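See below for the structure under consideration.
Remember, it's a predicted structure, so these values are computed and weren't measured experimentally.
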Amino acid sequence: MKQSPQKKRRWPKLYFGFPIADVDVGDNDLDHAKNASESRPKERGIALLIAIMIVSIMMLFTSDLILSSRVNVTLANQVKDNVKAEYMVKSGANIATLLLSADWAYKLFMAQQDPKSQLSTGIGDIWTVMNGLPLGGETAEMMEGFQKEFNLNSVMDGDVLAKLKEFDGMFTINVSDESQRINVNNCFSGKCSQVMLMLEALFSCPAEKQFLEQKKLNPREMAFRIKDYIKKDPKADEASGFNDKNEPYQRRQPKQMAKAAPLDSIEELRMVEGWDAEMQAIFGPYLTAYPFQHGSTDNNNFQLNINTAQRGLLQCLFPETRGDCAEKVALAIKKRDEDFTLLSQPGEKMADTLRNLLCYAGGDNNGNTGEATNRGAWFKQYSMTYRIEVEGSVGGSTKKLIAVIERVMPDQKKSDRLAYRLLYWKMI
């Protein structure tokens, strides 16, 4: 009987464990292929490993791409918010300058109507109307509702609120009188002796004096160190505790010298020997470096505005305000701050104001009388220099702008168009 031919089976040809072609094989060949495949165990799963590796690399690459994109988007948004916040606070500074200019124009107009009237500045003036009021897109709807509630549409431009809604964030304006602070730059030129008396009185307040004693300083010594650092005279004052005004600064590394020039900002007091960050935080709000003298003969830049002076400073300058007098002073200042009244009315003599309000009869804190120690000469009723602080926030970005401007009378001969002079500008 004729034997049928051996049936061939199809078995894929392998290359490193990967099938590459189908071939016809017999039983012998099938057994041989199985044995060959079993003899190469390391070649099994290579394709799967390569596939897993490729997929893993692609996932890592994709994750990195997504992360980089998110970081770039976040940075772009932050830059955008920073720019918006910066221009927002600049807009706030322009608004504050406009209010100060409008107030100045109003006062000049009133002076023309009544030449005998005297200038006076208080916290109820035009430049204070927007202090602390949040402005921006987030408050525009509230202001619009306020406008409709009180039927102010006829006197207010609705387009202003429409433009205000375009602001993403909001900003606040705070304008303060710079003449409520002691101007230390008068120790370069001006009545430095009066400034020294005010500084010594400020440093001699009970709590402040105790603070200085902890730092092994006394009020008079600290006041004269500031004077020696600013004044042009190369000699040191004995009250400063040094024989040479440059002595404490020559011990530093690198060696330094006293500035012998006006301070550019009150932060420069950190350079004065013994003055540190704590003293700056405590006494800084009561001190200023503005206005400069500008080479003028006006020696009234050292005077404080009695109508805006801070209560803490007044208490230090007039320690005799105790008992019933202290209560009277507190009520008068509270009324000034809440009802926007003036402590000293236009035309009122400063001596009468200090006697009636602060129980001051004349002389210094030690009972010495005379023009040189007359604290009535420390005050005036008006101001020409103002500090503008604007803080704006957009998204997660916040900017703060600090500017100091001085109101001036435009000189027509010089074709002056501005009624103010910029003294200081800082963006934080």
Original post:
Would you say I50 and I54 make side-chain contact, with heavy atoms under 4.5 Å?
Top reply: yes

Subject >> Check ion pair R311-D337 (N to O, under 4.0 angstrom) >> reply: no

Subject >> Salt-bridge criterion met for D228 and K231 (N-O under 4.0 Å) >> reply: yes

Original post:
Is it the case that more than 12 heavy atoms not belonging to N243 sit under 6.0 Å from its CG atom?
Top reply: no

Original post:
So, E273 and R252, do they make that salt bridge, N to O below 4.0 Å?
Top reply: yes

**OP:** Step by step, work out the side chain to side chain donor-acceptor pair (under 3.5 Å) result for W378 and Q194.
**Re:** CA-CA 7 Å; W378 297 354; Q194 302 291 342; 2.6 Å; yes

**OP:** May I ask you to say whether D81 pairs ionically with K399, meaning some side-chain N is under 4.0 Å from a carboxylate O?
**Re:** no

**OP:** Using only heavy-atom distances, determine whether the side chains of Q381 and S344 contain a donor-acceptor pair under 3.5 Å.
**Re:** yes

Original post:
Are any non-hydrogen side-chain atoms of K90 and E86 less than 4.5 angstrom apart?
Top reply: yes

Original post:
Rounded to the nearest 0.5 Å, what separation is found between the CZ atom of F283 and the CD1 atom of I266?
Top reply: 12.5 Å

Subject >> Residues K235, D244: salt bridge by 4.0 Å N-O rule >> reply: no

**OP:** Carefully, step by step, assess E348 and T353 under the rule side chain to side chain donor-acceptor pair (under 3.5 Å).
**Re:** CA-CA 7 Å; E348 183 180 1; T353 301; 3.1 Å; yes

